[in-house]
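As a basis for the values below, the full set of heavy atoms in this structure was taken, side chains included, without hydrogen atoms, waters or symmetry mates.
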Amino acid sequence: MSFVFTSLAALSGLAALLAAAISIIAWSRRQFAGVRWLALLMASVAFWAAGAMCELSVTSIAAKLFWSKVEYLGTLSTPVLFLLLALDYNHISLRRRGLALLFVIPAVCLLLAASNERHHLVWTSFQPSPSGHNLLIYGHGPAFWLGVAGYSYLMMLLGSLLLIRALHYFPAHFRGQSLTLMLSAVAPWFGNILYLTGTFPLQGLDPTPHSFAFTGLIFAIDLLYLRQLHLVPVARARAFEAMGDGVVVVDHQLRILDINPSGVRMLGGAPADWPGQPLPAPWLEASMLETGAHLELTTPDGGRILDIRAYEIEPFHKPARTRMLVMRDITQRRQAEDALREANLQLTDRLAQIETLQAALREQTLRDPLTHLFNRRYLDETFERERERAEREAKPIAVAMMDLDDFKRINDLHGHQVGDRVLQALARLLQQQSRAADIVCRLGGEEFMVVLPGSDAEQAQQRVEAWRRDFHRLEHAGEHPFHASFSCGIAALPGNGRALDELYRRADQALYQAKAAGKNCSVRAASGQ
């Protein structure tokens, strides 16, 4: 395979290098809208131009045909990728199935080109160009006109229409960008038409890949220097107009450069021609708007509360300093927060009242209403805990069951009110002379019980005797002053059992013995009975 490297081959190689460079740079910024497809488009153009360089460099028809088949991979892919770039630029996305369908016809044409020797549906004849430069004029068959040229023109037409669509939908200050991109898309059309009609001065030279390289260069300039693709014009412009937050762009003198409708409403209305007008908010000073500032201000009329954030925008002409103010009307939110805060305070106060009532109710359920001592329910709830602690610490627990002597006779002689005062007197004495750990309960009627953690039966009896003597000395006022007494039965853990019911039964037996022994005395339950 012999080569003749001509100036035209060098031009194709230069176009390939340019397209490859654009592809690499664009791919590094593929996160922006349209840039990913620009990178793939330029990669396809680079492949196409590189194949054209090789085809222009070889001398034999067989070699030229081989490289023509190779470059068809770029020839057939480029128009489809151009359409996808235009779609993405207009924020129109296709699913994977739609993308695959776009490449069906190019894939079929690529297979036909690879097997052209069998059917000659793509190329029908080959003859040297009268223009020289090692050019070859190809005769084309029906597959070329329908599948290659026809389908490519369809893709290019749709892509160009989408760019024209952008001209219609973009705001005025973005239309220059769209017009630039659309005009750059005309270059491949112009070059390919000249080639297919045979009117290009150098017959046999297809300038289409060079034209696409030019188009890619325009897109790259738009991307790398003007940075307009970064703005994502369609979505950003519409969002800017429709967003609920007010956006105002101001210079260092707080003159308005741009503003959206929400900003107009928040600032209370302004002249129709906003650019160049001073910011109509004298209460908002330039000193407040340092980069990253976050303010919460109330308008002078007190009608609105605005949340304002300031962002510095990279200036095009230094030392001018432009800033973007993003304003959010948080009046309703603040009102809702204030209402919620007031409701929370009321709720907290209500919960505190409920907790107080619940505590009082619980206290009522656990205490005897006459003597305010704990009742049998509280005793049942707490004794098991005391028993477990005593067994864990290897300490005794004693229970003293007391019963007022001849209480029925007191009620009969002096009345129930006097009887109630006798019960209350005994309750006060037990409370005053018991320890903090002792549990003093009224079981009902004239029966009382005291649980004495840490005391054995003997120690408990000593304390009970002191209570008994002190209580008997009390004089109770009735129709005739009198003295009362009580009898007591004592049982202790572990000698008399473990469960409360068992201790209760043993203490009750000892109490019965104290009553039988003449009352006004205490008896300890015998161990092991």
| message | Is the shortest side-chain heavy-atom distance between Pro453 and Arg435 below 4.5 Å? | response | yes
| message | I'd like to know whether CD of Gln332 has more than 12 heavy-atom contacts from other residues, nucleotides or ligands below 6.0 angstrom. | response | no
| message | So, taking the atom named CG in Leu306 and the one named OG1 in Thr331, what distance separates them when rounded to the nearest 0.5 Å? | response | 6.5 Å
| task | Mind checking the NZ-CD spacing from Lys395 to Glu393? Nearest 0.5 Å is all I need. | result | 5.0 Å
| said: Is any side-chain heavy atom of Phe374 closer than 4.5 Å to one of Leu379? | reply: no
| task | Show the numbers, then the answer: is there a side-chain contact (heavy atoms from CB on, under 4.5 Å) between Val58 and Phe66? | result | CA-CA 10 Å; Val58 297; Phe66 169 78; over 6 Å; no
| task | Give the intermediate values and the outcome of side-chain contact (heavy atoms from CB on, under 4.5 Å) for residues Phe82 and Met156. | result | CA-CA 7 Å; Phe82 178 80; Met156 293 294 295; 3.6 Å; yes
| Nearest non-hydrogen partners of Val80 and Phe103, listed with the distance | CG1-CZ, 3.5 Å
| query | Are any non-hydrogen side-chain atoms of Ile61 and Lys64 less than 4.5 angstrom apart? | reply | no
| query | Can you list the steps and then say if Leu73 with Leu110 is a side-chain contact (heavy atoms from CB on, under 4.5 Å)? | reply | CA-CA 7 Å; Leu73 183 60; Leu110 186 62; 3.9 Å; yes
| said: Do the side chains of Glu391 and Arg387 get close enough for a salt bridge, i.e. N-O under 4.0 angstrom? | reply: yes
| Main-chain N/O of Ile25 paired to Ser28 side chain as donor or acceptor, under 3.5 Å | yes
| note | Sorted by chain and number, sequence neighbours left out, ring pair (Phe, Tyr, Trp, His ring centres under 6.0 Å) with Tyr72 holds for Trp123
| message | Are the side chains of Leu340 and Glu337 in contact, using a 4.5 Å heavy-atom criterion? | response | no
| Under 3.5 Å, is there a donor-acceptor pair between the side chain of Asp349 and the main chain of Ala352? | no
| field | Sub-4.5 Å side-chain heavy-atom contact between Trp145 and His140 | value | yes
| For Gly74 against Ser44, the heavy-atom pair lying closest together | O-OG, 3.1 Å
| Euclidean distance, Leu17 CG relative to Ile22 CD1, rounded to 0.5 Å | 11.0 Å
| query | Any sub-3.5 Å donor-acceptor pair from Ser262's side-chain atoms to Gly246's backbone N or O? | reply | no
| What are the two closest non-hydrogen atoms of Arg498 and Phe383, and how far apart are they? | O-CE2, 3.8 Å
| Hey, what do you get for CZ (Arg36) to CH2 (Trp27), rounding to the nearest 0.5 Å? | 4.5 Å
| query | Under the side-chain contact (heavy atoms from CB on, under 4.5 Å) criterion, do Thr78 and Leu41 qualify, and how do the steps go? | reply | CA-CA 6 Å; Thr78 297; Leu41 172 64; 3.5 Å; yes
| field | Any Asp329 side-chain heavy atom under 4.5 Å of Ile305 side chain | value | no
| task | Could you pull out the closest heavy-atom pair between Tyr138 and Leu65, with the gap in Å? | result | OH-N, 4.3 Å
| Do you know which two heavy atoms are closest between Trp37 and Leu85, and how far apart they sit? | CB-CA, 3.7 Å
| Quick one: does Glu386's side chain get under 4.5 Å of Ile439's, heavy atoms only? | yes
| message | Using salt bridge (Lys or Arg N to Asp or Glu O under 4.0 Å), reason through Asp380 and Arg377 one step at a time and then give a plain yes or no. | response | CA-CA 5 Å; Asp380 291 339; Arg377 178 179 177 180; over 6 Å; no
| note | Nearest heavy-atom approach of Leu83 to Leu162 is CD1-CD1, 3.9 Å
| field | Rounded distance [0.5 Å steps], CG in Leu87 versus CG in Leu81 | value | 11.5 Å
| message | Any side-chain to backbone donor/acceptor pair from Ser23 onto Ala19? Under 3.5 Å, distance only. | response | no
| note | Separation between SG (Cys109) and CG (Leu121), nearest 0.5 Å, reads 10.0 Å
| Is there any side-chain hydrogen bond (donor to acceptor under 3.5 Å, both in side chains) pair reaching into residues 106-117, and which pairs are they, with sequence neighbours excluded? | Lys69-Glu117, Ser115-His119
| said: Please determine whether the number of non-hydrogen atoms from other residues, nucleotides or ligands lying under 6.0 Å from atom CZ of Arg334 exceeds 12. | reply: yes
| When you measure from the side chain of Asn260 to the backbone N and O of Asp245, does any donor-acceptor pair fall under 3.5 Å? | yes
| Does the pair Arg385/Glu388 count as a salt bridge with the N-to-O cut at 4.0 Å? | no
| query | So, do Val248 and Met324 sit near enough that their side-chain heavy atoms are less than 4.5 Å apart? | reply | no
